[in-house]
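Accompanying notes for the structure given below.
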Amino acid sequence: MEPGENLNDFVVGSVPTLIYIPDFVTDSEQDQLVNNIYQAPVSKWKSLKNRRLQNWGGVVHEKGLLAQDLPPWLTRTTRRIFEESGLFPSDVNHVLINEYLPNQGIMPHQDGPAYFPVVAIVSLGSPVVMDFTPHSSLRLCTSALRDSVEDNISCGGASDIETDKWLHNHHPFSVLLMPRSLLIFKDMAYSDYLHGIKDSEVQQYDGAVNVLEAMKHHGGNQPLSGSEKAIVLEKTGDSKSLHRTAKRISLTCRMVSKVHKNLFKF
Ligand SMILES: O=C(O)CCC(=O)C(=O)O
Ligand SMILES: [Fe+2]
């Protein structure tokens, strides 16, 4: 963010509250982060079915964080997120680093209850589309209500009218995450929506709420420099699609309020 710029200038979409800051890290910061991530011992990577990840800051439990200090190469970025956003009550103390190959993604999910309900995601490498879907419990409820003719299924006390009203106010949407950008989400976008990334090499970004903001900083279809050469955004007819040709690495930065000092050294 430049001096004089305000966080409100970066709000995108109509659901409270999504903040998209293009070019949050510079090219050289991106390179440094990537180098440090790949310098970590192989044992630091945890392989999941559809991606691998590194966990920094300690182990998150239901009861809080068994904390370990973040390394200085990460705090350079997390400190800025804390200071410039002003949205966390104290320093970011937990970072998940996810690596996605072009055909990998993350299932729609809601972040766990241990975290303070604000998340900041730094994107590096290939752009992707992140989808936000209204929280499934109420949606499943709605279809149950519709399908059930004979009895009065009650969905947490929500009437048909209330559920329809809820759905009327909760439309799915997506966000285009360009390399070096920062996405912050909180409030309803955090509590009432699941977020996820499709595991496909080609993703549609028609529904993205920040296309203009994302493109402005990346010159539309202009040739791009350095690590951003991998970006291919295509517009065929009415459909806008994104070809993922390189890896994406994201830093999910959060704050766990309850911290237990970790007595064990690893
Ligand atoms: O990679 C991303 O952008 C999302 C990661 C995420 O949602 C998470 O770690 O909870
Ligand atoms: Fe998440």
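Hydrogens, waters and symmetry mates play no part in the numbers below; they use all other heavy atoms, side chains included. Whatever order the structure lists ligands and atoms in, that order sets their numbers, starting from 1.
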Report the C-alpha separation of S174 and M130 in whole Å, then their side-chain angles, then the decisive distance to 0.1 Å, and conclude whether the side chain to side chain contact (heavy atoms under 4.5 Å, CB included) test is met.
CA-CA 5 Å; S174 52; M130 181 180 275; over 6 Å; no
Hey, could you give me the CG/NE2 distance between L65 and H61, rounded to the nearest 0.5 Å?
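Answer rounded to 0.5 Å: 9.0 Å.
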So which protein N/O/S atoms does the Fe ion (ligand 2) have within less than 2.8 Å?
H109 NE2, D111 OD1, H195 NE2
Counting each atom of ligand 1 from 1 as listed, which ones have a heavy atom of [X] under 4.0 Å away?
X: M130; answer: 2 (C), 3 (O), 4 (C)
X: I121; answer: 3 (O), 4 (C)
X: H195; answer: 7 (O)
X: S250; answer: 1 (O), 2 (C), 3 (O)
X: Y100; answer: 1 (O), 2 (C), 4 (C), 5 (C)
X: N98; answer: 5 (C), 9 (O)

Could you check whether [Y] and [X], counting side-chain N and O atoms only, form a donor-acceptor pair closer than 3.5 Å?
X: H243; Y: E201; result: no
X: R248; Y: S123; result: yes
X: H195; Y: D131; result: no

Nearest protein heavy-atom contact for atom 3 (O) of ligand 1: which residue, which atom, what distance?
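For this ligand atom, the closest protein heavy atom is R248 NH2, 2.8 Å.
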How close does the nearest protein non-hydrogen atom get to atom 5 (C) of ligand 1, and which residue and atom is it?
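Ranked first by proximity to atom 5 (C) of ligand 1 is T252 OG1, 3.4 Å.
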Side chain or backbone of D111 under 4.0 Å from ligand 1, or both, or neither, by non-hydrogen atoms?
side chain
Option whose closest heavy atom lies nearest to atom 10 (O) of ligand 1, chosen from Q110, R51, H109:
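When every heavy atom of Q110, R51, H109 is considered, H109 comes closest to atom 10 (O) of ligand 1.
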Begin with the C-alpha distance, continue with both residues' side-chain angles, and end with the deciding distance and a verdict on ring pair (Phe, Tyr, Trp, His ring centres under 6.0 Å) for F185 and F132.
CA-CA 11 Å; F185 61 92; F132 284 77; 5.0 Å; yes
Could you label the plane-to-plane angle of the Y115 and H94 rings as parallel, tilted or perpendicular, counting under 30° as parallel and over 60° as perpendicular?
tilted
Do the rings of F116 and F88 sit parallel, tilted or perpendicular, given the 30° and 60° boundaries?
tilted
Please examine the side chains of [Y] and [X], heavy atoms only from C-beta on, and report whether any two atoms are closer than 4.5 Å.
X: L194; Y: H135; value: yes
X: V128; Y: R244; value: yes
X: E29; Y: W73; value: no

4.0 Å heavy-atom contact, R254 with ligand 1:
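Contact present.
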